Amino acid sequence: AQQGRVREKAYGKQKIYFADQEQLPAASESELRGLDGEIAALSTKVQALQQSCRQMEAELKDLNSSMTTPEMAGEIEELRKDCASYAEKLERIKSAANHVTPEEKEKVCSEQKLYCKEWRRRKRMATELLEAILEGYPKSKKQFFEEVGIETDEDHNVTLPAAV
């Protein structure tokens, strides 16, 4: 600082030293324009490299998350075993002797529809009858059901099958 190569500034008790820029040669306009052009070119190159790096990182992430060749081979082998077991099961089902004929199936389905229809009809009649009794009954519905000993479908978690 005493020789004049470095400048000194005091901020309270602190001192800051920096190079004396007056001793450096001044750059001409053409040099400054050249440096600005070089900075712009390098900035463009940096952006292109950063974009390329991001693309490569994304590709690496995709490759790391995908299965390796041995894993893929193991998965294929496991799927082939599953396929073979399902084919065997299908063959056993096809060769079974106790098939249900379409007529028997239709008969069972129609009986189920008939019984469900009757169940709904009887449940509706019972509900209407109980509601008529409960209109004049002084206690709650629950107390009435307990006194009379009525058990509902809901008490036993029973529901009507959906109409097909």
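Every value quoted in this text rests on a predicted model; they were computed, and no experiment measured them.
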Using a 4.5 Å side-chain heavy-atom cut-off and chaining through intermediate ILVMFWY residues, the residues clustered with Phe145 come out as Leu129, Leu130, Ile133, Leu134, Tyr137, Phe144, Val148, Ile150
Determine whether a donor-acceptor pair (N or O, by modelled atom type, separation under 3.5 Å) exists between the side chain of Ser110 and the backbone of Glu106.
yes
Would you mind reporting whether Leu79 and Cys83 have side-chain heavy atoms less than 4.5 Å apart?
no
Any salt bridge between Glu104 and Lys107, counting N to O under 4.0 Å?
no
How long is the gap from OG on Ser66 to NZ on Lys61, to the nearest 0.5 Å?
13.0 Å
What's the separation between atom CD in Glu71 and atom CD1 in Ile76, rounded to the nearest 0.5 Å?
12.0 Å
So which residues get pulled into Leu32's cluster when ILVMFWY side chains under 4.5 Å apart are joined, directly or through others?
none
List in chain and number order the residues that pass side chain to side chain donor-acceptor pair (under 3.5 Å) with Asp20, two or more places apart in sequence or in another chain; answer none if no residue qualifies.
Arg7
Test side chain to side chain contact (heavy atoms under 4.5 Å, CB included) on Glu131 and Glu135 and set out the steps.
CA-CA 6 Å; Glu131 286 176 0; Glu135 283 180 10; 5.7 Å; no
Charged N to carboxylate O under 4.0 angstrom, Glu154 versus Lys123?
yes
Hey, mind stepping through Lys81 and Glu78 against salt bridge (charged side-chain N to carboxylate O under 4.0 Å, His left out) and telling me if it holds?
CA-CA 5 Å; Lys81 287 178 185 175; Glu78 189 176 319; over 6 Å; no
Within the side chain of Gln143, is there an N or O that forms a donor-acceptor pair under 3.5 Å with the backbone of Ser140?
yes
When you look at CE of Met67, are more than 12 heavy atoms from neighbouring residues, nucleotides or ligands closer to it than 6.0 Å?
yes
Arg54, CZ atom: more than 12 neighbouring heavy atoms under 6.0 Å:
yes
More than 12 non-hydrogen atoms from neighbouring residues, nucleotides or ligands closer than 6.0 Å to CD on Glu59, yes or no?
no
Is the number of heavy atoms from other residues, nucleotides or ligands under 6.0 Å of Gln14 CD greater than 12?
no
Heavy-atom neighbours of Glu29 CD exceed 12 at 6.0 Å:
no
Atom pair SG (Cys116) and CH2 (Trp119), whose distance is rounded to the nearest 0.5 Å
7.0 Å
Evaluate the criterion side chain to side chain contact (heavy atoms under 4.5 Å, CB included) for residue pair Leu114 and Glu118; output intermediate values, then yes/no.
CA-CA 6 Å; Leu114 176 71; Glu118 188 65 23; 5.7 Å; no
I'd like to know if the side chain of Asp155 and the backbone of Thr152 have a donor-acceptor N/O pair within less than 3.5 Å.
yes
Please determine whether the number of non-hydrogen atoms from other residues, nucleotides or ligands lying under 6.0 Å from atom CZ of Phe18 exceeds 12.
yes
From Gln50 CD over to Glu57 CD, what is the distance, rounded to the nearest 0.5 angstrom?
10.5 Å
